[in-house]
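Below: the structure, in structure tokens.
Just so it is clear: chains get the letters A, B, ... in the order the sequence lines come, proteins before strands, and each one is counted from 1.
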Amino acid sequence: MNFEFSEEQKLVQQQARQFLTEQSPLSVVREVLERDASQVRIHEDVWQGIVKLGWPGVAIDEQYGGLGMGYLELCVLAEELGRSLAPTPFSSTVYLAAEALLLAGTEAQKERWLPAIATGGLVAGLAFVEATNGIAGQALNMRWQDGGLQGRKTPVFDAEMAQLLVVSAINEAGEPGFYLLETDQPSVRCESLTSIDPTRSIAAVEFSKAAADPMRQDLDFAATMGVIQDRAAVLFAFEQLGGAQACLEMATDYTRQRYAFGRPIASFQALKHKMADMFVAIELARSNAYYGAWSLSTGSDDLTEAACVARLSASDAYYQCSKENMQAHGGMGYTWELDCHLYYRRAQHLASVLGRQAYWKDRLIAEVA
Amino acid sequence: MNFEFSEEQKLVQQQARQFLTEQSPLSVVREVLERDASQVRIHEDVWQGIVKLGWPGVAIDEQYGGLGMGYLELCVLAEELGRSLAPTPFSSTVYLAAEALLLAGTEAQKERWLPAIATGGLVAGLAFVEATNGIAGQALNMRWQDGGLQGRKTPVFDAEMAQLLVVSAINEAGEPGFYLLETDQPSVRCESLTSIDPTRSIAAVEFSKAAADPMRQDLDFAATMGVIQDRAAVLFAFEQLGGAQACLEMATDYTRQRYAFGRPIASFQALKHKMADMFVAIELARSNAYYGAWSLSTGSDDLTEAACVARLSASDAYYQCSKENMQAHGGMGYTWELDCHLYYRRAQHLASVLGRQAYWKDRLIAEVA
Amino acid sequence: MDFKDSPAQAEFRHKVRQWLQANAPADNTLSRGGMESDEAMREGREWQARIYDAGWACLTWPKEYGGQGLTAIEQVIWSQEVAKFSTRDGFFAIGIGNCGPAIMLYGSDQQKQSLLPRMARADDIWCQLFSEPGAGSDVAGLKTRADKDGDSWKINGQKIWTSQAQYADYGVILTRTDPTLPKHKGLTMFFVDMKQPGVEVRPIKQADGGQAFNEVFFNDAVVPDVQRLGELNGGWGVALAVLMNERLAIGSVAPNGWPEYWDMIRKLELDGKPALEDSEVRRRTADWYVKNAGLKNAQARMLSAVANGGVPGAEASLGKLVGASMCQDISAYALDLFAEMGVCADEQMALMQAQFQKAYLYAPGLRVAGGTDEVMRNIIAEQVLGLPADVRVDKGVPFNEIKAGNIRQ
Amino acid sequence: MDFKDSPAQAEFRHKVRQWLQANAPADNTLSRGGMESDEAMREGREWQARIYDAGWACLTWPKEYGGQGLTAIEQVIWSQEVAKFSTRDGFFAIGIGNCGPAIMLYGSDQQKQSLLPRMARADDIWCQLFSEPGAGSDVAGLKTRADKDGDSWKINGQKIWTSQAQYADYGVILTRTDPTLPKHKGLTMFFVDMKQPGVEVRPIKQADGGQAFNEVFFNDAVVPDVQRLGELNGGWGVALAVLMNERLAIGSVAPNGWPEYWDMIRKLELDGKPALEDSEVRRRTADWYVKNAGLKNAQARMLSAVANGGVPGAEASLGKLVGASMCQDISAYALDLFAEMGVCADEQMALMQAQFQKAYLYAPGLRVAGGTDEVMRNIIAEQVLGLPADVRVDKGVPFNEIKAGNIRQ
């Protein structure tokens, strides 16, 4: 009976924290934040460091060039990435594209691309969303015809750096499916967009008869899409958890050291209880995320339930903690100079990245009722 | 430009408060609370006192024996009745039955019954609800056939004392309508039910071919039902407001006088801010109730909007204030001996008395969107 | 992560299960009474004696005091398994859970040997006498005095919120032995014979109409000095040991209204359609589902820590803090869904035997019992997050110069 | 109750309306710049001079100081009518709204006559210099010093959150003139020439990327003693007069995100259907509709009280307290409804020109500007409900012995 990460996993986490503290401190995040519109919103050095450590392949089987450690290790890495706000295409590449490949790729596709992700620094992403449709939207307008993709996907996360995209589209028979596309072709046009979190990269991508490979044809599209989302939801929940925890620590540190009315402001119940509530939200979210990690790592058939629950409480906890951390910092928390807003921005980014809350709530109840 | 009650109306309010403080203190409310199951949940002396003061007729035209003062005067009385928790059939008789008579009664019915309500101490009520249907429910099962009513209504408020009921039913053609029924007949059977607020009276009423008079046949049933509800919503909002305000006053009084850790507990921010939030909720609810009063008293065509808004914020405010008043009283607040639970019970009673919150929210958006 | 038992744990669980299947009372053999009925108490005592005689009582206690000398994990396994049966264990939670451990820490050898095995077998029922009308969240502000009288003490004062006082043979009582010392310094703990002269138990009627608690009045009740637990004027330390166990016990069973709600909402129809087809109802239900899952999984993490030899800290407050308000809000929401019938508390007529009406009325009690929401947040803030304490104006002040309780102005 | 004007009020309103229709700038004649643009400031000064010359400025001020000697109700009518036009009045709110009344209360006759009419005509722009990096909610904890030097004072220190400092000709500044006195006692108010040597203004970049505020650094900035407002070491009283007006001004215009949301939600489609057909969206929208109505009607009650000669008290804090969190939550909800596109802050691509993304980012500022949520609740609790103040450990302590600001441990 054990509901904690193992000592080995905690060691992975410690090492990850040390690496990120050294290589991706908030000054690095801020450097990306301050970049102008023409620059890519990803920190290349941090990303290369992560690739060298083999993190993208931590949960990829050894047969595909990965470390084959498993999802629990990936979860602890995700928590640290979330805590550090590291500006890399890790989530798009690893939580989303690699999992889509594993689930929907043909054997040949997996053999070709997974090793490149695991150790080669290949950046990949998903192009599923068509603006207002959302991941939860039913209607796909992207067309697959005459061996090419035609249409527009917005937003695509990390598209500017991605060499490979998994794209959803409908074929001439009107059936939805997954397609694998290399971006290095003139018929793929990527337009960067301003994000609410400028330390992350988003774009609109236009495909004009772009060459692409169909992925597995024998899949239930909706079910596969569901598994991709569920797995990603657990992993993103750990990023959210890491961010929320960082906010709580910032708030407690600051309010202990900030004096007003002759006392540390942390001694005022309005702030003490605010922080107690942040702790409570995090503990609930953490417990649900652990359940998600367990479910993901064991291939348990309650993954959908666990993923919905993990995602919903992590999104709520991060919103609460990031906004109340700003509040606990008073006027200073509202300055560009302090780091509070970096987390507040990231909280919204991560809350949006897998669609509406309502989608996850409906999915949960459909699963368990 | 004036959004306050007039000096005359404030005087009416003052006199009402004085009467209720003297004649219906919480000891009277408690006496009703402690009655056994066989006794009626209405305090006859308080009710007779109210009748003598002419309150039931305050908004009824002089031509029907009322004082013809208007709805603003009725609103201030409602606030005081809510504050005092007076256990009388005032709301059923005045906010509901009298208004239903005014709206749906034939001239002959109005001439016969309104004077009896205004000055004669007649108790009346509405029998609209059929258990789970709710006032918002679409399906009516009560039948009007061969000159009699057949069916069951639950809950009917104040039915045990009511001599007259306005009943909704469908006729043989399947059309809904209103019927006026005197309860003093063997084919009307009234079964008292335990209420969450035992200081108010609820019952199930069974009609077995009970004699009744059809009311006006030329009405749009749904629209008339809507106006009855809207008017009552504003008046009940004032009762809720009075109750919420009483809770806030209890909480501030108690916490100022209760010492722990060497200080009045009201000096702890957890409680101070709790009470500030209660004040905020009440101020918003009060402002909305005033808007409702203005709309009701001027016959403004935004009554539905004003009523929905008044009801929704008053229900929320009373729930919040009654539960947090208990909480502010600590363990003592949870004793039968203290009066906190009387308001907490009444808050639920008043929140339920006009159907679900969702009904009012949907009604609001349908009106304004 | 692994939810499976180790081989040794699995074997222990198997044994527990077998014994329970053979010995636990069937639901239909029990009286309908709750914690307030004499009959239920008799059934509880019988059950406790049976598990004691079979060697299942107080698993973590040393054998010499009536336990089995096992670790927390066996206790957890026992608790999980016994929860599947309709047994009556609640009566002894305060004695065995709180008083026992404190006696083990602070009692003399003689006290331990004479008191603990009888407690473990429910030969003696125990209660705990700390709270007073003027000392709730501020327990150390209590005024019940113990005055020395030769080799004995005379106790005068009033305690409140005492569960099982009407059945109890003994109680641990925190008293003020020196009001000129600062408030935490002048307290002494005793155990007292509840049946002796000068002790009067009166039930308290709660806001929801129930009577689970009592007031206990002490009028010159005599306690020999050998019934002192711990040092003279050292009672606060003993009290903390008891209260820590209370928090843990409470943290583990916090009701939140969810099981009843989940059962109800899947059956409820609104306007002729399943309630969950309404997206507002569905998503609000999802919110509570998620919160309940968080509580359940947090509890699993706590048990897992215990299984691994850890001791859960102040974060155990979380379950009761979250659960109490959740219970209140979920009941209020259920009543709202029932529309006008929400007011009907008639067991025959109301939906789901009026359990949401009942929960609406007892939920305010959950928010104060065992520490108010506000105290729980203070505990989390100070003990978990290490935030500074409130400013203490009564610190170091002689107790008899501190204002406390209700003061008319 | 009557929402109609009295005959005299109606006549006044008619006049205002006529004049505004003839004189207020059309929207398309204005620059696109907000409060941070020089062009907008120039337009604002022109507008203010025009209304001054026509006799509409500072209606409640005495005529001798540039006003019209009218009552609050005329001011309310003016505000209601001018709000229907795209004028630029915001720049002078702090000068005319806060500094002016304080000068009227505490200034000498000479000060009033020389300063106020120029302020009313926007010949001079004023700003307010109270907050410091180490003194926010605890304004009286400020450290900027004024040291006597003959007939003058030398000011040293740093102020923060100063709106319009970059344009201001003068500022009222609260300084510490005696650090050995308790903190509220050793403060003195001056007005200072913002263009003089030793005063340096630097814009602050906010979390949302905007720059509406400044830091102001004082290095041996000299102020003659005739620019003192009120008594030596009596500055706290002057500050309270200024702050009261600030609260009122802020209370009256609190943004809450509702108008933008209501506009959006009636157009938004979710999965091909109008968003309001989804019962969760509909009912949440209703919740905000009700809250917004409460704020709007509370505002009407406050104006009505003003119209009847009353002065709104601390309850004016309510609008900003409620509105700020509402704005934050409503923006977050809107972004959630936009699904993945919620992250897109691109004005061209995002729904509704990204105004919800912007509101999400500026809402945290609303929750602290003009007093944090926590300060607002304290004000309501203490000033409206009469609850006791927090325990004050710095009461009566010499200021230079009090810990303040950020202290590394």
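- In plain terms, the two heavy atoms of D:Ala207 and A:Arg345 that are nearest each other are O-NH2, 2.6 Å.
- Taking the charged nitrogens against the carboxylate oxygens, A:Lys274 and D:Glu374 do have a contact shorter than 4.0 Å, which makes a salt bridge.
- Only the backbone of D:Ala135 has a heavy atom closer than 4.5 Å to any heavy atom of chain A.
- Residues D:Leu361 and A:Ile196 are in side-chain contact: their nearest non-hydrogen atoms beyond the backbone lie under 4.5 Å apart.
- Among A:Glu337, A:Lys361, A:Glu324, A:Gln269, the residue with the largest count of heavy-atom pairs under 4.5 Å with chain D is A:Glu324.
- Within the model, atoms CG of D:Asp346 and CD1 of A:Ile202 stand 7.5 Å from one another, a figure rounded to the nearest 0.5 Å.
- Between A:Gln327 and D:Pro364, every side-chain heavy-atom pair lies at or beyond the 4.5 Å cut-off.
- Of the residues considered (A:Ala351, A:Cys340, A:Gly330), A:Gly330 shows the highest number of contacts with chain D, using heavy-atom pairs under 4.5 Å.
- In this structure, D:Arg392 CZ and A:Arg263 CZ are separated by 10.0 Å, a value rounded to the nearest 0.5 Å.
- For chain A, the option among D:Val393, D:Val281, D:Ile160 with the highest count of heavy-atom pairs below 4.5 Å is D:Val393.
- At a 4.5 Å heavy-atom cutoff, the contact between A:Met332 and chain D is made by backbone and side-chain atoms alike.
- The two residues A:Ala358 and D:Glu280 come nearest to each other via the heavy atoms CB-OE1, 4.0 Å.
- Side chain of A:Tyr344 to backbone of D:Tyr360: a donor-acceptor contact under 3.5 angstrom is found.
- Looking at residues two or more places apart in sequence or on another chain, you find a ring pair (Phe, Tyr, Trp, His ring centres under 6.0 Å) between A:Phe90 and A:Tyr95.
- Residues A:Phe261 and D:Lys183 have side chains in contact (heavy-atom distance under 4.5 Å, counting atoms from C-beta outward).
- No part of A:Gln320 comes within reach of chain D, as not one of its non-hydrogen atoms sits under 4.5 angstrom from that chain.
- Side chain of D:Asp336 to main chain of A:Arg356: no donor-acceptor pair is present (N/O by atom type, distance under 3.5 Å, no hydrogens or angles).
- Rounded to the nearest 0.5 Å, atoms CD (D:Glu340) and CD (A:Glu130) are 11.0 Å apart.
- Identified under the salt bridge (Lys or Arg N to Asp or Glu O under 4.0 Å) test for residues 353-363 of chain D, with sequence neighbours left out: D:Glu347-D:Lys358.
- Heavy-atom minimum distance, A:Gly331 versus D:Trp161: O-CZ2, 2.9 Å.
- Interface remark: D:Gln357 contributes backbone and side-chain atoms alike to the contact with chain A (heavy atom separation under 4.5 Å).
- A 4.5 Å side-chain heavy-atom check between A:Thr335 and D:Lys205 finds every atom pair outside the cut-off.
- Between D:Cys344 and A:Leu193, the shortest heavy-atom contact is SG-CD1, 4.0 Å.
- Rounding to the nearest 0.5 angstrom, the gap separating the OH atom in A:Tyr259 from the CD1 atom in D:Ile402 is 13.0 Å.
- For the options A:His349, A:Lys323, A:Met326, A:Arg200, heavy-atom pairs under 4.5 Å to chain D are most numerous at A:Lys323.
- The OG1 atom of D:Thr372 lies 15.5 Å from the OH atom of A:Tyr334; values are rounded to the nearest 0.5 Å.
- The most heavy-atom pairs under 4.5 Å with chain A, out of D:Gly141, D:Gly342, D:Ala404, D:Gly365, come from D:Gly365.
- Options A:Ala270, A:Ser315, A:Ser195 differ in how many heavy-atom pairs under 4.5 Å they form with chain D, and the most are formed by A:Ser195.
- Residues D:Asp390 and A:Phe268 meet the side-chain proximity criterion, which asks for heavy atoms closer than 4.5 Å.
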Show the numbers, then the answer: is there a side-chain contact (heavy atoms from CB on, under 4.5 Å) between D:Asp208 and A:Trp336?
CA-CA 7 Å; D:Asp208 69 344; A:Trp336 185 263; over 6 Å; no

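- Chosen from D:Asn378, D:Val391, D:Leu270, D:Asp278, the residue pairing most often with chain A at heavy-atom distances under 4.5 Å is D:Leu270.
- At a 4.5 Å heavy-atom cutoff, the contact between D:Ile204 and chain A is made by side-chain atoms alone.
- Within the 4.5 angstrom heavy-atom criterion, atoms from both the backbone and the side chain of D:Gln328 approach chain A.
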Check: Does the side-chain contact (heavy atoms from CB on, under 4.5 Å) test come out yes or no for A:Gln257 and D:Ile407, once each step is laid out?
Finding: CA-CA 5 Å; A:Gln257 292 176 8; D:Ile407 298 173; 5.5 Å; no

